[in-house]
Undergrad: 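Sharing a structure with you now.
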Amino acid sequence: MSDEKRDTPMSSLTQAGDIVDTFWDIKPIEFPRLDGDEETSTLPPQDGSDTTTPFGELPVFSGPDQTDESTTESASDNAGADDFAADMVAQPVIPERKINPWLIVTIVATVVIIIGLVIGGLVYWNSLKKDDAHSTAMSQCLSSSDNYTKASEKLSKALENSKSVQAITDGQVADAATVSTLKSAVTEANSIGKAASCNYIAPTASLSKSAKSNRALTAKLESSAKAVTTAAKAVTKSQEQKKIDTAKQKLQSAVSDAQQTLADSDGAVSDESTRDSLQKALDDANALLKQSNPKAADLEKSLTNLQDATKAVKSSMDDYTAAQQRKSSSSQNSGGNNGYSSNSGTSNGGG
């Protein structure tokens, strides 16, 4: 091959602007022609071999068109990023607070347990509501509890009303046994137990047992309230009887004294009307003493009237006695003066 033929491809490559190094005896690579290119330059083989491309036809790639609009958008994006960065620098940085994972586990477990208990309680509650026997037992228990409360209030009122009576001693009553009976009734009343509770979640047998116990306690409360009231009335009645007996004894003694005074004062009083008043008081006292169940107040009033009438008669007797003594003394003085005058006249006549 002549030198002219070898220089031809080299000159064409040089004109295309490519640099070809044939020092290593490497086959030239043929690049595809781009749109607008007039021709594609290839490197000729240095050894005169085939000039076809070893890799076949390569696809043509065209780069993105760089327009002013994309450039403007890129510039505006860069400006926005700069402004955002400036804003971020101005804001204070809040440190992130770490949460203990065990705390979260504990909270979740607690919530699960509570939900389970609530669900279980609701299920159990609904099951109990469907149980007719349990509902009946619960109703009976509540009823017995209400009756117990009413009976307890009645007993408390009886004990409160008997407080003053409980202070009465044996010497203040006609029958000391009544005081002892009241003390025993009060002691028994204070020893009665409390009512059993009625819990809806309790078993049916337990509720039935509580109802039965409450009914028995209610009966004891009612009986005890009656016993305390009856014993207190007995003590009060015995105390009244004691007053009646004492008043009768005093009035009977006053009647005896009045009768003696009335007898002694016959014709010996300065004011006969006092004896009339005493007689009337005696009649009233005797009539009251003959009654089967006189009142202590009436006996005491009759005693006072009789004692006052007796004092009036005795006072009238004293006045009568004093008047008689004055009259007697005046008579003696008058008689002595008459005798002296007589003697004087005799003496004078004789002389």
Side-chain angles (χ1 to χ4, degrees), residues 164-182 231-351:
S164 59
V165 183
Q166 295 176 30
I168 298 175
T169 60
D170 295 346
Q172 296 175 319
V173 295
D175 184 6
T178 57
V179 176
S180 177
T181 301
L182 177 60
K233 289 181 179 179
V235 172
T236 302
K237 185 176 181 180
S238 183
Q239 184 186 35
E240 185 68 17
Q241 187 63 43
K242 178 71 174 181
K243 292 180 180 180
I244 292 173
D245 294 343
T246 302
K248 278 184 176 181
Q249 293 176 0
K250 291 181 178 180
L251 182 59
Q252 187 65 52
S253 177
V255 166
S256 299
D257 185 32
Q259 288 176 346
Q260 185 64 41
T261 300
L262 187 62
D264 295 340
S265 64
D266 187 13
V269 292
S270 60
D271 185 4
E272 190 65 25
S273 64
T274 57
R275 295 185 75 251
D276 295 337
S277 297
L278 178 58
Q279 184 62 56
K280 184 177 184 308
L282 272 172
D283 293 340
D284 293 341
N286 287 324
L288 190 60
L289 289 172
K290 289 179 181 179
Q291 292 182 6
S292 60
N293 189 23
K295 295 181 179 180
D298 295 338
L299 292 171
E300 292 174 354
K301 183 179 181 181
S302 179
L303 175 63
T304 300
N305 294 336
L306 187 59
Q307 289 175 344
D308 292 343
T310 301
K311 288 180 181 180
V313 172
K314 288 181 179 182
S315 179
S316 183
M317 291 174 66
D318 292 340
D319 292 342
Y320 177 80
T321 301
Q324 292 298 319
Q325 289 177 354
R326 287 193 302 270
K327 185 177 180 180
S328 177
S329 177
S330 176
S331 298
Q332 291 178 359
N333 290 334
S334 177
N337 291 333
N338 291 335
Y340 177 75
S341 299
S342 165
N343 290 333
S344 299
T346 303
S347 296
N348 289 335

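All of these numbers come straight from a predicted model, not from anything done at the bench. The figures here come from the full heavy-atom set of this structure, side chains too, leaving out hydrogens, waters and symmetry mates.
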Undergrad: Could you grab the distance from atom OG of S302 to atom CG of L289, nearest 0.5 Å is fine?
TA: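 If we round to the nearest 0.5 Å, S302:OG and L289:CG are 7.0 Å apart.
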Undergrad: Rounded to the nearest 0.5 Å, how far does CG of L306 lie from CG of L288?
TA: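 One gets 11.0 Å once the value is rounded to the nearest 0.5 Å.
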Undergrad: Can you name the closest pair of heavy atoms from K243 and A296 and give their distance?
TA: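 Of all heavy-atom pairs spanning K243 and A296, the closest is CB-CB, 4.0 Å.
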Undergrad: Any idea which heavy atoms bring Q259 and N286 closest together, and the distance?
TA: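 Heavy atoms of Q259 and N286 come nearest at NE2-ND2, 4.0 Å.
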Undergrad: Between NZ of K311 and OG1 of T274, what distance do you get to the nearest 0.5 Å?
TA: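 The NZ atom of K311 sits 15.0 Å away from the OG1 atom of T274.
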Undergrad: Does any N or O in the side chain of T181 come within less than 3.5 Å of the main-chain N or O of A177, such that one atom is a donor and the other an acceptor?
TA: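 Yes; at least one donor-acceptor contact below 3.5 Å.
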Undergrad: For side chain to side chain contact (heavy atoms under 4.5 Å, CB included), just list the numbers for D266 and L262, CA-CA rounded to whole Å, side-chain angles, deciding distance to a tenth of an Å, and then say yes or no.
TA: CA-CA 7 Å; D266 187 13; L262 187 62; over 6 Å; no
Undergrad: Which pair of non-hydrogen atoms, one from L303 and one from A254, has the smallest distance, and what is that distance?
TA: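 Answer, listing the atom of L303 first, then A254: CD1-CB, 3.4 Å.
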Undergrad: Starting at CD of Q279, measure out to OG of S265 and round the result to the nearest 0.5 Å.
TA: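 It is 9.5 Å, given to the nearest 0.5 Å.
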Undergrad: Strictly distance-based, threshold 3.5 Å: is any side-chain N or O of T178 a donor or acceptor partner for the main-chain N or O of D175?
TA: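 Between the backbone of D175 and the side chain of T178 there is a qualifying donor-acceptor contact (under 3.5 Å).
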Undergrad: Please tell me if the side chains of T236 and Q241 come closer than 4.5 Å, counting only heavy atoms from C-beta onward.
TA: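 T236 vs Q241: side chains apart.
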Undergrad: Where do G171 and K242 come nearest, in terms of heavy atoms and distance?
TA: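 That closest heavy-atom pairing would be O-CE, 3.6 Å.
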Undergrad: Are E240 and K237 ion-paired here, with the side-chain N under 4.0 Å from a carboxylate O?
TA: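 Looking at E240 and K237, the cut-off is not met.
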Undergrad: Would you say Q249 and D245 are linked by a side-chain donor-acceptor pair, where the criterion is simply a distance under 3.5 Å?
TA: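 No donor-acceptor contact under 3.5 Å links the two side chains.
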Undergrad: Should K314 and D257 be marked as a side chain to side chain contact (heavy atoms under 4.5 Å, CB included) after you check the CA-CA gap, both sets of side-chain angles, and the distance that decides it?
TA: CA-CA 11 Å; K314 288 181 179 182; D257 185 32; 3.5 Å; yes
Undergrad: Considering non-hydrogen atoms only, spot the tightest contact between K248 and Q291 and give its length.
TA: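 Distance-wise, the nearest heavy atoms are NZ-O, 4.2 Å.
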Undergrad: So among D283, D276, D284, which one has a salt bridge (Lys or Arg N to Asp or Glu O under 4.0 Å) with K280?
TA: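 Result: among D283, D276, D284, D284 is the only option passing the salt bridge (Lys or Arg N to Asp or Glu O under 4.0 Å) with K280.
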Undergrad: Kindly say whether S273 contributes a backbone atom to a donor-acceptor pair with the side chain of S277 at under 3.5 angstrom?
TA: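 Yes; at least one donor-acceptor contact below 3.5 Å.
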Undergrad: So how far is it from K327 NZ to Y320 OH, rounded to the nearest 0.5 Å?
TA: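 Separation between the atoms: 8.0 Å.
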Undergrad: Working to the nearest 0.5 angstrom, can you tell me the gap between S315 OG and D308 CG?
TA: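 If we round to the nearest 0.5 Å, S315:OG and D308:CG are 12.0 Å apart.
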Undergrad: Any side-chain donor paired with an acceptor under 3.5 Å for S316 and S270?
TA: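 Yes, because at least one side-chain N or O of S316 sits under 3.5 Å from a partner of the opposite role on S270.
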Undergrad: Check this for me: K301, atom NZ, are more than 12 non-hydrogen atoms of other residues, nucleotides or ligands nearer than 6.0 Å?
TA: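 For K301, atom NZ is not crowded (no more than 12 foreign heavy atoms under 6.0 Å).
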Undergrad: Does the side chain of V179 reach to within under 4.5 Å of the side chain of V173, using non-hydrogen atoms?
TA: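 Yes, at least one pair of side-chain atoms sits under 4.5 Å.
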